[in-house]
Every structure is written in C-alpha cells, then in structure tokens.
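One structure below.
By convention in this document, chain letters (A, B, ...) are assigned in the order of the sequence lines, proteins followed by strands, and residues within each chain are numbered from 1.
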Amino acid sequence: MRPQALLAAALLGMALPVLAGEIAPSGRRSGYDFMSADSKAMQDDDTANPAMLSVLEGETLWTTKAGAADKSCSDCHGAVDVSMKGVAARYPAFSAASAAPVDLGQRVNLCRRQHQEADPFAPESRELLALTALIAKQSRGMPITAGGDPRLASSVARGRELFVQRQGQLNLACANCHDDNWDKHLAGSAITQGQPTGYPIYRLEWQGMGSLQRRLRGCMTGIRAQAFDFDAPDMIALELYLMSRAHGMTMDAPAVRP
Amino acid sequence: MPAALVNVPPKARRGAVIEIKTLMSHVMEPGYRHTAAGEVVPRDIITSFTCRFNGAEIFRADLFPAIAANPFLSFFTTASESGKFEFEWIGDNGFVATASAAITVE
C-alpha cells in the first residue's frame, strides 16, 4: 500500500466513533427479524410454538388456589386476558413498597407472598415461567412502555451504565455487540440488537423456557464475566434499561428464539 | 402436568388432504445422565404416539431417545367423513396423556 493510502486509512479510522451509540427508534429490530423462516413459522403458529405449553400450564396455575389465604390469581384479578392486558409491556415497574423497580417475575412472587401467603417460586422455576409466559402473552402486539415512570430514571441510568460497562475476561460491554455490531455474525449466529420483546422465551438451545435474566446470565458467562445473581438490583436495572431501550417496539411474547 | 396442543382444521371438504399438528409437553430425562454419586438417572421419555379417527388407527409413531423433549408431530390424512380424532401419548413410568379434536366434513 502506498503511503497516501495508508494515511487515508488512518484518518478514516480516526473519523469513526469508538462507540456507534444507541440505535435509532426506526432502526430497532426484534430478535424475531434475525431468525430463520423455520423458527419464525414455529413462533407464529400457536400449536407449534413450544412456549404455548408453558402458557397452558400458566392458565391452570392462574385458577389454582394456593397459600394460607387459599386464593388463586383469578380470585383477585379475574380473567387474565382482561386484567393482565398490556401489563408485561410496562414491566419492570416501580414498586412503592421497596422504592425500587421490580420485574414481572418478582411482581408475581410479591403477590404470592402478600396476597396468597404462599412461598415464592424459585427463579426460573416451571411455575414462575408458566405464569409470566401467560401474563406476557396478554401483551402480544402491544408497544413496550416500560421505563417511562420518572421515579425509575435513576435505575434506567444505572442500567445504561451497566450496558456500556466492559466486564469479564473478554472485556466486552453489552454495547460492543448489541449497539455496535448487531448487523454482524458471531460464528454462524446473528448477533442481534438484544431487544427483549418476547420474554419469557422458548429457546431452542435450552430446549426449554427461560426469562430475560437467564438470557442475560448466559451472555455474561459468554464474555467470561461473573454473572449477576437472579433478582439482584443490578440485574433488574439492566432489564429495565433494555426494556426502555426497546420503547415502542411490539411485544411478541412468548417468543421462540434460537 | 401434561399439556398438549393439537391443531386439526375444524372443517374440511370431502376428499381434501388435511394436516394435523400435535405438540406434547413432557419433562424428558434422556437416560444418559448420572447423579453426583455416579448412578444413572433412569430414562423418562415418551415412547409411543397414536392417532385414531372414529376408533380406527390412522397414524402411529414410536419414539426413541434423542428425538425431542416436547415432541412435535405433524402428519397428513384425507378427510373422508365427520368425526373425532383421538390422540394418545404413552411413555416411561406409566405416562399416559390423551387429547381429542372434532372435524366436520362437508
């Protein structure tokens, strides 16, 4: 290469920003868009989408009485397709009692403890995934609105901080892949933008259901970082930031993902 | 708690070829895993699926390890008359689950 060309290449490199920055609203793409036609067909057909098995289980749990109070979800909330419409699209939401954001799974467990007087479900348990899948399905097709509450501003900011924070032995931040390189591939897989439109998901790699927290922990392990504990405040802040980052995107829960 | 999703068209024209799709939930144990003490965790899978139409068997599948945790089976048949499809899944440890769906042929 001639010296002039080398200089031009160096100047071009300098002109490119280190971080490409946030994705414009018009450029946001759900993980669904990155999937193969086969996986899309599996998600679109409610009798082929394995996540619907979890929803069926959730429907049974919704009307099952539990705890010392001997109450079911439906005793207070009535029909799930009415009372839970759009709820998942605005979670994590601010909880006045703890003065902090809580995600959908934590909200279910708060209800269990306070109103059903029952033991909370363990993170990633079949029951918790079934109930959150059932609730998330009621927001299908609705725009994500989480993070709009002004009381959540500091948590959203904390989540953003974590999103751009390099971590782990590979020294990567979420943003390095999901803001800057989402249009590329990592080995054979699409990197995607990391938009949480469809959680809880049935992930083909897991051969099972999982929450956004499980997915995030998978990413953290992948960059060889110490994964956040389930329900840790930083985990919720990161979930909240991701939902606010996907503001206005359409929910497609419970989704199928590769 | 077994849950099945079955997709049968509710109506069909006589002689039409229809697709039937079934998805069964099952907590699989492949039979190759060991406990911390070194003992094999016993296999627990679905081993057989049968579809009957008005009592007559029209489709059967034998399932083996390494097929799927929640087997999804899709097959075709010809709509000959109105009636009822009955589905049955049989598995290890006495697992039995059933489902049914009706079709109107006109």
Give a yes or no on this: more than 12 heavy atoms of other residues, nucleotides or ligands lie within 6.0 Å of atom CD1 of Ile67(B).
yes
Exceeds 12 heavy-atom contacts within 6.0 angstrom, atom NZ of Lys11(B)
no
What part of Asn70(B) lies closer than 4.5 angstrom to a heavy atom of chain A: side chain, backbone, both or neither?
side chain
Asp119(A) CG: over 12 foreign heavy atoms closer than 6.0 Å
no
Nearest-0.5 Å distance that lies between atom CG in Leu53(A) and atom CG in Leu23(B)
4.0 Å
Could you tell me whether Lys65(A) atom NZ has more than 12 heavy atoms of other residues or ligands within 6.0 Å of it?
yes
Where do Leu56(A) and Ala3(B) come nearest, in terms of heavy atoms and distance?
CD1-CB, 3.7 Å
Glu106(B) atom CD: more than 12 heavy-atom contacts under 6.0 Å
yes
Asp45(A) versus chain B, the contacting section by heavy-atom distance below 4.5 Å:
side chain
Engaged part of Val6(B) at the chain A interface, taking heavy atoms whose separation is under 4.5 Å:
backbone
